[in-house]
Amino acid sequence: MKLLARALRLCEFGRQASSRRLVAGRGCVGPRRGCCAPIQVVGPRADVLPSGACITGRIMRPDDANVAGNVHGGTILKMIEEAGAIISTRHCNSQNGERCVAALARVERTDFLSPMCIGEVAHVSAEITYTSKHSVEVQVNVMSENILTGAKKLTNKATLWYVPLSLKNVDKVLEVPPVVYSRQEQEEEGRKRYEAQKLERMETKWRNGDIVQPVLNPEPNTVSYSQSSLIHLVGPSDCTLHGFVHGGVTMKLMDEVAGIVAARHCKTNIVTASVDAINFHDKIRKGCVITISGRMTFTSNKSMEIEVLVDADPVVDSSQKRYRAASAFFTYVSLSQEGRSLPVPQLVPETEDEKKRFEEGKGRYLQMKAKRQGHTEPQP
């Protein structure tokens, strides 16, 4: 009954939100608290929501986790996207005008700071941190709660970009209502993030023709040995009311394939450590057959980088050809039964393309390692 009452309160909160003006919340939580200052959403209404944030939560069930009890990274990514979609859609409809739905365009690098287990409650909070003319930046934080002890910890921080698509024509991108920033620097910082992600999205398009080819009788520890694919028919349960796939559904499938690749390579319990930027190149419509392909690109001593590609085949529309819908890099680590990180078998690249991808992955690994060390150094 308590869960039902809470659900009803959340529904009432959502109904009230449609008639109010939003104010972005209190910024980020955790180690970098305050990096996203509050912003105010401009609208015709006078009253405001108490916090300006979208907060969701649910308990983690056995079907959310692997055999070791660790919650799948894809499950968490799906919850993150749902919260981001709610707050960005609310904001994009906060002014009178053509109604729209916010579609996921990109997810910035997301680190899994701490594992979440069966029985814990995931609290997901989302708030708007920047808007451009046609996009919304949303900051999402995930906290896990042990309901037996009350202990909470930050498990994930993510930044997502959404674009508003018209309900009358989902191929039409609408303008985003403006926001008022508490500091001039905040708008400038947001614009820099916007330009950086826009440039990175363009740089990923050259890989769109790359495909994963099967190899007969591959040797262990090679790229071909662990590469995997999953074929999925997009049904109504995967889609929004307007006929295209939820970004969270796509990310969950991508994480599943990446997990299979990692498990095949090291043959131990594996967990998602981080996800590099996920770029959504095109919408996936209901009725498409999607192929999610994963291959290992790089290994360090204790981590594995896996590239995941999503291709959509509109089988019910003969006028449209197969196309690249999304791409990303996932990083996995191997764990012992006690939850300690284990060394992973070193990848053996064979072809020139595999060797090139290995060096590119090594560069990303070293760059991120240097960035983490820079953040942990004591300030003078």
Side-chain angles (χ1 to χ4, degrees), residues 29-31 57-80 109-124 141-158 220-222 225-228 251-252 254-276 294-306 308 329-348 361-362 364-366 368-373 375-376:
V29 298
R58 70 174 178 88
I59 195 167
M60 295 294 98
R61 304 181 301 267
D63 58 340
D64 294 318
N66 61 18
V67 293
N70 302 121
V71 175
H72 292 296
T75 300
I76 299 173
L77 289 171
K78 190 171 184 289
M79 291 190 295
I80 288 173
R109 178 182 173 88
T110 303
D111 290 305
F112 289 74
L113 307 174
S114 180
M116 193 179 300
C117 301
I118 296 171
E120 293 184 329
V121 175
H123 299 276
V124 186
N141 296 296
V142 183
M143 301 285 294
S144 67
E145 177 191 3
N146 184 322
I147 55 178
L148 300 180
T149 65
K152 293 182 179 181
K153 58 186 176 182
L154 179 69
T155 62
N156 296 81
K157 296 174 67 175
N221 300 334
T222 61
Y225 183 81
S226 59
Q227 70 181 26
S228 305
M251 291 193 292
K252 190 172 187 297
M254 294 172 78
D255 179 72
E256 288 179 9
V257 170
I260 293 171
V261 173
R264 280 180 168 173
H265 181 76
C266 62
K267 302 186 186 304
T268 60
N269 178 36
I270 46 87
V271 294
T272 313
S274 66
V275 183
D276 219 0
R295 62 186 172 198
M296 194 159 295
T297 52
F298 171 75
T299 55
S300 66
N301 290 332
K302 292 187 177 182
S303 67
M304 300 163 278
E305 183 191 70
I306 296 129
V308 181
F329 290 97
F330 287 70
T331 299
Y332 274 75
V333 293
S334 174
L335 298 180
S336 67
Q337 292 182 349
E338 294 76 27
R340 297 175 182 173
S341 61
L342 295 173
V344 300
Q346 292 304 290
L347 182 66
V348 181
K362 183 178 180 180
R364 286 187 292 270
Y365 168 77
L366 294 175
M368 188 52 57
K369 184 178 180 180
K371 187 176 180 179
R372 285 197 303 265
Q373 290 175 344
H375 285 159
T376 58

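Just so we're clear, the structure is a prediction, and the values are computed from it rather than from any experiment. Sequential numbering from 1 along the given sequence is applied to the chain's residues.
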Practice problem: Only pairs at least two apart or in different chains count here, so list each side chain to side chain donor-acceptor pair (under 3.5 Å) that has a residue in residues 338-348. | Solution: Thr299-Gln346, Ser336-Glu338
Once side-chain contact (heavy atoms from CB on, under 4.5 Å) is applied, do any residues pair with [X], and if so which ones, sequence neighbours excluded?
| X | value |
| --- | --- |
| Leu148 | Asn146 |
| Pro345 | Asn221, His265, Cys266 |
| Ala273 | Thr331, Val333 |
| Asn269 | Asn66, Ala68, Asn70, Leu335 |

Is any side-chain heavy atom of [X] less than 4.5 Å from a side-chain heavy atom of [Y]?
| X | Y | result |
| --- | --- | --- |
| Met116 | Val142 | yes |
| Thr155 | Phe112 | no |
| His72 | Lys78 | no |
| Met304 | Ile270 | yes |
| Asn301 | Pro343 | no |

Any residue meeting side chain to side chain donor-acceptor pair (under 3.5 Å) with [X], in chain and number order, not counting sequence neighbours:
| X | value |
| --- | --- |
| Thr75 | none |
| Lys153 | Ser114 |
| Gln337 | none |
| Ser300 | Ser303 |

Self-check item: Between OG1 on residue Thr222 and CZ on residue Arg295, distance to nearest 0.5 Å
Solution: 13.5 Å
Practice problem: Working to the nearest 0.5 Å, report the span between NZ of Lys371 and CE of Met368. | Solution: 5.0 Å
Could you report the tightest heavy-atom contact between [X] and [Y], atom names first, then the distance?
| X | Y | value |
| --- | --- | --- |
| Ile80 | Ala158 | CG2-CB, 4.0 Å |
| Glu305 | Thr297 | OE1-OG1, 2.5 Å |
| Lys302 | Leu342 | CG-O, 3.8 Å |
| Ala262 | Ile306 | CB-CD1, 3.8 Å |
| Val344 | Ser334 | CG1-CB, 3.8 Å |
| Ser228 | Ser226 | OG-O, 3.0 Å |

Self-check item: Verdict with supporting geometry, Ile76 and Thr272, side chain to side chain contact (heavy atoms under 4.5 Å, CB included)
Solution: CA-CA 10 Å; Ile76 299 173; Thr272 313; over 6 Å; no
Quiz item: Under the 6.0 Å and 45° cation-pi test, does Arg364 pair with Phe298?
Solution: no
Self-check item: Residue pairs fulfilling salt bridge (Lys or Arg N to Asp or Glu O under 4.0 Å) with at least one residue in residues 256-275, sequence neighbours excluded
Solution: Lys252-Glu256
Practice problem: Apply ring pair (Phe, Tyr, Trp, His ring centres under 6.0 Å) to Phe330 and list each qualifying residue two or more places apart in sequence or on a separate chain. | Solution: none
Quiz item: Would Tyr332 and Asp255 count as a side chain to side chain contact (heavy atoms under 4.5 Å, CB included) if you check the C-alpha gap in whole Å, the side-chain angles of each, and the deciding distance to 0.1 Å?
Solution: CA-CA 10 Å; Tyr332 274 75; Asp255 179 72; 2.7 Å; yes
Exercise. For side chain to side chain contact (heavy atoms under 4.5 Å, CB included), just list the numbers for Asn156 and Met79, CA-CA rounded to whole Å, side-chain angles, deciding distance to a tenth of an Å, and then say yes or no.
Key: CA-CA 11 Å; Asn156 296 81; Met79 291 190 295; over 6 Å; no
